[in-house]
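Reviewing the structure listed below.
Numbers restart at 1 for each chain; the letters A, B, ... are given by sequence-line order, proteins then strands.
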Protein chains: 2
Amino acid sequence: MRVSELAQRTGASPRALRHYDANGLLPSQRLANGYRDFPEQAIERVRRIRLLLAIGLDLEDVAQLLPCFAETGELTPCDRAQERLRGQIADIDAKMSALRATRRMLAGELRQWAGPPAERDPARSPDRPPAEHAEGPREERRHEEL
Amino acid sequence: MRVSELAQRTGASPRALRHYDANGLLPSQRLANGYRDFPEQAIERVRRIRLLLAIGLDLEDVAQLLPCFAETGELTPCDRAQERLRGQIADIDAKMSALRATRRMLAGELRQWAGPPAERDPARSPDRPPAEHAEGPREERRHEEL
DNA sequence: TTAAACTTTGCCACCGGCGTCAAGGTCAAG
DNA sequence: CTTGACCTTGACGCCGGTGGCAAAGTTTAA
């Protein structure tokens with residue numbers, strides 16, 4: 001299939017896909033006319049790429065990680081990849097706990113400062129976990145289903 | 001105290017501190033000669049700033065959030081701040097679950113590909129969670145939704 | 001006095017993923 | 001043929017925190 005199809009089937013922009021390709025993350029053939037020709041495989045692959053990116057890895061990291069996901073019998077760089085992944089996991093865990101701490105502090109402060117019970121949506125109290133707010137006159141930037 | 005002292009007492013670079021100051025995050029007096037003069041308070045404040053930044057907020061968000069942390073009786077912009085914070089929390093939660101998924105996949109693949117037991121440190125197997133070196137974040141099983 | 005160590009402000013560089021032209025090739029439909 | 005959708009490569013822009021450099025003033029040590 002060609003870029004735009006892959007694009008709409010994955011949710012990534014054609015630009016992004018070419019970018020992945022350019023960085024060797026996305027194997028593609030070329031048709032006689034020079035157009036990229038992606039295999040069905042690519043869909044799965046793009047999903048993986050985006051997942052890894054969403055985690056906070058950069059393209060280079062992703063490139064290292066991908067061969068660990070089978071389908072080719074690569075046996076090489078998974079070593080370093082694991083370490084990177086492990087590092088990312090640790091980072092995120094750290095962020096999480098920092099976040100929790102912050103949320104606690106904030107919630108505590110807000111309770112003091114609270115004063116009059118706002119006429120706000122009562123389902124959203126500062127000391128209750130996320131519950132996924134779906135609002136926004138803001139930008140359309142929604143994160144995918146991951 | 002002056003920048004460089006605050007810098008080495010907080011771990012931030014003088015450059016960064018001036019940046020925070022320039023953006024109104026870090027209140028400072030000026031000495032007769034024009035040098036910045038930070039109060040002891042600043043140390044705590046910088047810690048907070050960096051914590052928020054580490055979470056993934058930007059300076060503007062941090063600026064909104066800081067007055068919610070007491071010490072001044074500010075009563076204003078915590079509203080939007082809360083929303084931002086909530087959004088960040090959601091993002092991080094998403095990353096976390098993505099991370100967990102990835103770890104699972106990676107671990108699974110590696111089991112297949114494993115072959116000969118590498119002569120690596122046997123304490124670190126790819127399918128066991130981080131285990132955290134020092135005072136690491138808890139392995140909390142709480143919000144698994146999303 | 002003079003050099004060294006600090007300070008100030010201001011501006012430019014960088015990173016990285018991708019948006020966004022721009023200039024041009026390909027191809028099916030009218 | 002022409003139009004228009006789709007493709008190609010290449011280049012520039014952006015964001016935002018920070019590094020780095022420059023020019024200039026201050027303070028301190030020798």
Side-chain angles (χ1 to χ4, degrees), chain A residues 1-26 28-38 42 45-66 84 88 91 95 98 138-144 146, chain B residues 1-38 42 45-66 84 87-88 91 95 98:
Chain A
M1 81 192 73
R2 295 174 299 182
V3 274
S4 58
E5 185 183 343
L6 182 57
Q8 72 176 57
R9 293 181 65 179
T10 59
S13 72
R15 179 62 176 86
L17 295 179
R18 291 194 199 100
H19 189 52
Y20 302 155
D21 183 7
N23 286 57
L25 303 193
L26 206 49
S28 67
Q29 319 265 37
R30 292 308 181 119
L31 298 172
N33 53 17
Y35 291 11
R36 264 165 272 250
D37 183 33
F38 298 95
R45 199 171 178 91
V46 169
R47 282 181 33 87
R48 285 177 184 167
I49 293 173
R50 311 220 89 202
L51 186 128
L52 271 332
L53 287 180
I55 286 169
L57 297 164
D58 61 25
L59 287 185
E60 204 178 311
D61 295 328
V62 174
Q64 305 239 286
L65 228 26
L66 279 182
R84 286 293 295 142
Q88 289 295 331
D91 282 2
K95 284 187 184 179
R138 294 179 63 80
E139 52 205 345
E140 186 52 34
R141 187 213 151 254
R142 214 51 268 166
H143 41 243
E144 322 286 272
L146 296 177
Chain B
M1 81 192 74
R2 294 174 299 180
V3 274
S4 58
E5 184 182 344
L6 182 58
Q8 71 176 57
R9 292 181 66 178
T10 59
S13 71
R15 179 67 177 79
L17 295 179
R18 291 195 200 100
H19 189 52
Y20 302 155
D21 183 7
N23 287 58
L25 303 193
L26 205 48
S28 68
Q29 319 264 37
R30 293 306 181 120
L31 299 173
N33 53 15
Y35 289 11
R36 265 165 271 251
D37 183 33
F38 299 95
R45 199 169 179 92
V46 171
R47 283 177 33 88
R48 284 178 185 167
I49 293 174
R50 312 219 90 201
L51 185 128
L52 271 333
L53 286 180
I55 287 171
L57 297 165
D58 60 26
L59 286 185
E60 203 176 311
D61 296 327
V62 174
Q64 306 239 284
L65 228 26
L66 279 182
R84 285 295 296 145
Q88 289 297 330
D91 281 2
K95 284 188 183 179

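Atom CD of B:Glu60 is separated from atom P of D:dG16 by 8 Å (rounded to the nearest Å). With rounding to whole Å, B:Asp21 atom CG is found 16 Å from D:dG17 atom C1'. Rounded to whole Å, the distance from CG on A:Leu17 to C1' on D:dC7 is 13 Å.
Between A:Arg36 and the phosphate of D:dC7, there is no side-chain N or O to OP1/OP2 separation shorter than 4.0 Å. Dashed line: the shortest gap from a side-chain N or O of A:Ser4 to OP1 or OP2 of D:dC7 is under 4.0 Å.
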How does protein reach along nucleotides 18-25 of chain D, written 5' to 3' as B (base within reach of a heavy atom under 4.0 Å), S (only sugar-phosphate), or - (no contact)?
BBB----B

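B:Leu59 and B:Leu53 make their closest contact through CD2-CD2, 3.8 Å (heavy atoms, listed as atom of the first residue, atom of the second, distance). Of all the heavy atoms in B:Ala12 and B:Val46, the pair that sits closest is CB-CG1, 4.4 Å.
A side chain to side chain contact (heavy atoms under 4.5 Å, CB included) with A:Ser28 holds for exactly one of A:Phe38, A:Tyr20, A:Tyr35; it is A:Phe38.
Using modelled atom types, no side-chain atom of A:Arg50 and backbone atom of A:Arg45 make a donor-acceptor pair closer than 3.5 Å.
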Worked verdict on A:Ile55 versus B:Lys95 for side-chain contact (heavy atoms from CB on, under 4.5 Å):
CA-CA 5 Å; A:Ile55 286 169; B:Lys95 284 188 183 179; 5.6 Å; no

So A:Asp61 and A:Asp58, side-chain contact (heavy atoms from CB on, under 4.5 Å) or not? Walk me through it.
CA-CA 5 Å; A:Asp61 295 328; A:Asp58 61 25; 3.0 Å; yes

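The stretch residues 23-34 of chain B touches DNA chain D through B:Asn33, each having a heavy atom within less than 4.0 Å of the strand.
By the 6.0 Å contact criterion, CD on A:Glu60 is open, its count of non-hydrogen atoms from other residues, nucleotides or ligands being 12 or less.
DNA chain D is contacted by both B:Asp58 and A:Asp37; A:Asp37 maps to the nucleotide lying nearer its 5′ end (nearest heavy atom per residue).
Residue A:Arg18 is in base contact, counting any heavy-atom pair closer than 4.0 Å across all strands shown.
Using a cut-off of 4.0 Å between Lys/Arg side-chain N and Asp/Glu carboxylate O, B:Asp21 and B:Arg36 are scored as salt-bridged.
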